[in-house]
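Below is one structure, written out as structure tokens, with a few remarks after it.
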2 protein chains.
Amino acid sequence: MSDLDFHDHDHSACRATLLRAAEQRCRDKGLQLTPVRRRVLELLAEGHRAMGAYEVLDLLRAEGFGSQPPVAYRALDFLVSNGLAHKIERLNAFIACALPGSRHAPVFLICTGCGTVAETHLDLGDGRLGEIADRAGFEIGRAVVEIEGRCPTCREAA
Amino acid sequence: MSDLDFHDHDHSACRATLLRAAEQRCRDKGLQLTPVRRRVLELLAEGHRAMGAYEVLDLLRAEGFGSQPPVAYRALDFLVSNGLAHKIERLNAFIACALPGSRHAPVFLICTGCGTVAETHLDLGDGRLGEIADRAGFEIGRAVVEIEGRCPTCREAA
DNA sequence: CCTTTCGTGTTATATTATCACATACGCCGA
DNA sequence: TCGGCGTATGTGATAATATAACACGAAAGG
Ligand SMILES: [Zn+2]
Ligand SMILES: [Zn+2]
Ligand SMILES: [Zn+2]
Ligand SMILES: [Zn+2]
């Protein structure tokens with residue numbers, strides 16, 4: 001399975017992998033993967049798509065967690081800060097990181113047809129972006145690459 | 001002057017160039033660069049930095065234009081749709097396009113120290129991103145590349 | 001036992017963005 | 001000349017996204 005498949009892969013498998021990786025990562029780094037945080041990551045992984053903070057909040061509320069925005073935002077911030085999820089700025093939405101563990105510049109391919117989001121990554125050190133930054137004397141902190149377009153399935157349909 | 005200078009260039013010159021280019025572009029394409037729209041572009045060009053919609057709105061209001069959010073958002077949408085400005089998603093802010101005319105994927109270098117934003121661009125056809133999209137069978141519509149870090153000036157200061 | 005730290009929860013508020021509707025103006029065909 | 005039409009501008013109201021400020025409780029460490 002490629003890291004770029006849009007529709008044809010085993011969600012339950014990648015979900016389980018994600019959760020295991022997250023647990024491992026938190027153990028290693030002394031982070032607390034508390035019930036809310038864990039559940040939010042599960043929700044993102046289950047949905048396997050970008051979810052808004054309020055969408056997450058609704059689900060948390062329905063499950064007996066806190067019902068106010070900070071509950072969702074704090075859990076999401078934790079996941080994002082620790083590389084377990086990403087925020088997709090273009091959509092004001094969050095998604096589980098498909099490549100946890102590696103320090104990477106995520107690249108999102110966002111289908112405007114079906115809303116599916118595929119993640120891959122870019123090594124910023126080499127390549128055009130690194131070159132651009134070097135030439136400008138700019139020190140890269142973090143990068144966001146978000147590409148909107150149509151996924152293979154939606155292209156066929158059209 | 002490079003298109004990537006952060007601090008040391010002639011603002012009044014690049015502002016004038018921008019406005020002339022916009023007028024030209026609107027004439028060519030039958031677009032109406034109305035007073036509000038033109039003034040918003042001027043404000044972005046004068047500021048020479050990313051400005052929030054409400055910051056723009058405050059200035060418009062002070063100058064006798066409409067005082068409600070849609071006034072600013074509609075003008076900004078016009079400019080963005082027609083390639084005269086960009087929205088920087090990471091900042092929920094807008095900036096005049098530094099390279100109007102060319103159809104390009106803008107790349108923003110955002111300094112977290114001083115807030116300055118430099119724009120350059122990427123040709124999506126070739127390069128790593130095009131390659132990634134091709135491999136996934138993904139048809140690129142538009143792309144957003146936003147890099148946060150420190151500009152040369154702020155690096156020295158640190 | 002006391003203090004500190006962290007996580008969770010709450011209420012209230014700030015910030016960003018859109019909806020819905022009214023008016024005005026230029027254009028064009030009847 | 002008139003009426004319809006598209007487009008731009010303006011308004012008040014509201015939606016969607018995000019943070020501030022504070023209280024409480026559990027766990028860790030002295
Ligand atoms: Zn990732
Ligand atoms: Zn699709
Ligand atoms: Zn541009
Ligand atoms: Zn700087």
Side-chain angles (χ1 to χ4, degrees), chain A residues 22-23 26-27 29-44 47 49-82 84-95 115 144 146, chain B residues 22-23 26-27 29-44 47 49-82 84-95 115 144 146:
Chain A
E23 281 162 1
C26 288
R27 259 196 306 279
K29 301 183 121 197
L31 303 171
Q32 303 185 48
L33 191 60
T34 60
V36 206
R37 291 169 176 174
R38 189 196 157 91
R39 187 64 188 125
V40 170
L41 182 56
E42 281 178 6
L43 290 169
L44 294 181
R49 63 196 168 80
M51 298 176 72
Y54 280 76
E55 191 178 352
V56 168
L57 179 59
D58 286 344
L59 296 168
L60 290 179
R61 177 185 295 131
E63 297 178 13
F65 291 99
S67 61
Q68 300 304 316
V71 172
Y73 279 103
R74 284 195 289 232
L76 289 166
D77 285 349
F78 169 87
L79 296 174
V80 170
S81 306
N82 295 292
L84 300 172
H86 296 290
K87 178 174 185 184
I88 300 182
E89 300 290 346
R90 189 72 186 75
L91 306 175
N92 293 318
F94 301 81
I95 193 166
V144 172
E146 299 173 2
Chain B
E23 281 161 2
C26 289
R27 260 196 307 277
K29 301 185 122 194
L31 303 170
Q32 304 184 46
L33 191 60
T34 61
V36 207
R37 292 169 176 175
R38 190 196 156 91
R39 187 63 189 127
V40 169
L41 182 55
E42 281 177 5
L43 290 169
L44 294 179
R49 64 196 168 80
M51 297 176 71
Y54 280 75
E55 191 178 351
V56 168
L57 179 58
D58 286 343
L59 296 168
L60 290 179
R61 176 184 295 131
E63 297 179 13
F65 290 101
S67 62
Q68 301 302 317
V71 172
Y73 280 103
R74 285 195 289 233
L76 290 166
D77 286 348
F78 170 86
L79 296 174
V80 169
S81 307
N82 295 292
L84 300 173
H86 296 291
K87 178 173 185 186
I88 301 182
E89 300 289 346
R90 188 73 186 76
L91 306 175
N92 293 319
F94 301 82
I95 193 166
V144 171
E146 298 174 1

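Side-chain contact between B:F78 and B:Y73: absent, with no pair of heavy atoms (C-beta onward) separated by less than 4.5 Å. The side-chain heavy atoms of B:N82 and B:C26, taken from C-beta on, include no pair separated by under 4.5 Å. In this structure, the side chains of A:F65 and A:L59 stay at 4.5 Å or more apart for every pair of heavy atoms.
Atom-to-atom, CG of B:D77 to P of C:dC19 comes out at 11 Å; the value is rounded to the nearest Å. Straight-line distance from the CZ atom of A:F78 to the C1' atom of C:dT5: 15 Å, rounded to whole Å. Here the C1' atom of nucleotide C:dT8 and the CG atom of A:L33 are 15 Å apart, to the nearest Å.
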_Could you walk me through whether A:L76 and A:L44 satisfy the side-chain contact (heavy atoms from CB on, under 4.5 Å) test, starting with their C-alpha distance in whole Å, then the side-chain angles of each, then the deciding distance to 0.1 Å, before giving a yes or no?_
CA-CA 10 Å; A:L76 289 166; A:L44 294 181; 4.1 Å; yes
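Under the 3.5 Å distance criterion, the side-chain polar atoms of B:E146 are left unmatched by any main-chain donor or acceptor of B:I88.
Take B:R37 and apply the side-chain hydrogen bond (donor to acceptor under 3.5 Å, both in side chains) test, not counting sequence neighbours, and it matches no residue.
Salt bridge annotation for A:D77-A:R74: absent, with no cationic side-chain nitrogen under 4.0 angstrom from a carboxylate oxygen. A salt bridge does not link B:E23 to B:R27: none of the charged nitrogens lies less than 4.0 Å from a carboxylate oxygen.
When the side-chain nitrogen and oxygen atoms of A:T34 are compared with OP1 and OP2 of C:dT8, one or more of them lie within a distance under 4.0 Å. Regarding contacts with the backbone of C:dC6, every side-chain N or O of A:Q32 stays at 4.0 angstrom or more from both OP1 and OP2.
Note on B:R37: only backbone sugar-phosphate atoms sit closer than 4.0 angstrom, heavy atoms only; bases stay farther off.
On the nucleic acid side, DNA chain D has its first and last nucleotide under 4.0 Å of a heavy atom of chain B at D:dT7 to D:dG12, going 5' to 3'.
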Considering only nitrogen or oxygen atoms on both sides, find all protein atoms under 3.5 Å from nucleotides 12-17 of chain C and state each distance.
unit_1, atom_1, unit_2, atom_2, d
C:dA17, OP1, B:K87, NZ, 2.5
C:dA17, OP2, B:Y73, OH, 3.0
C:dA17, O5', B:Y73, OH, 3.4
C:dA17, N7, B:Y54, OH, 2.5
C:dA17, N6, B:Y54, OH, 3.2

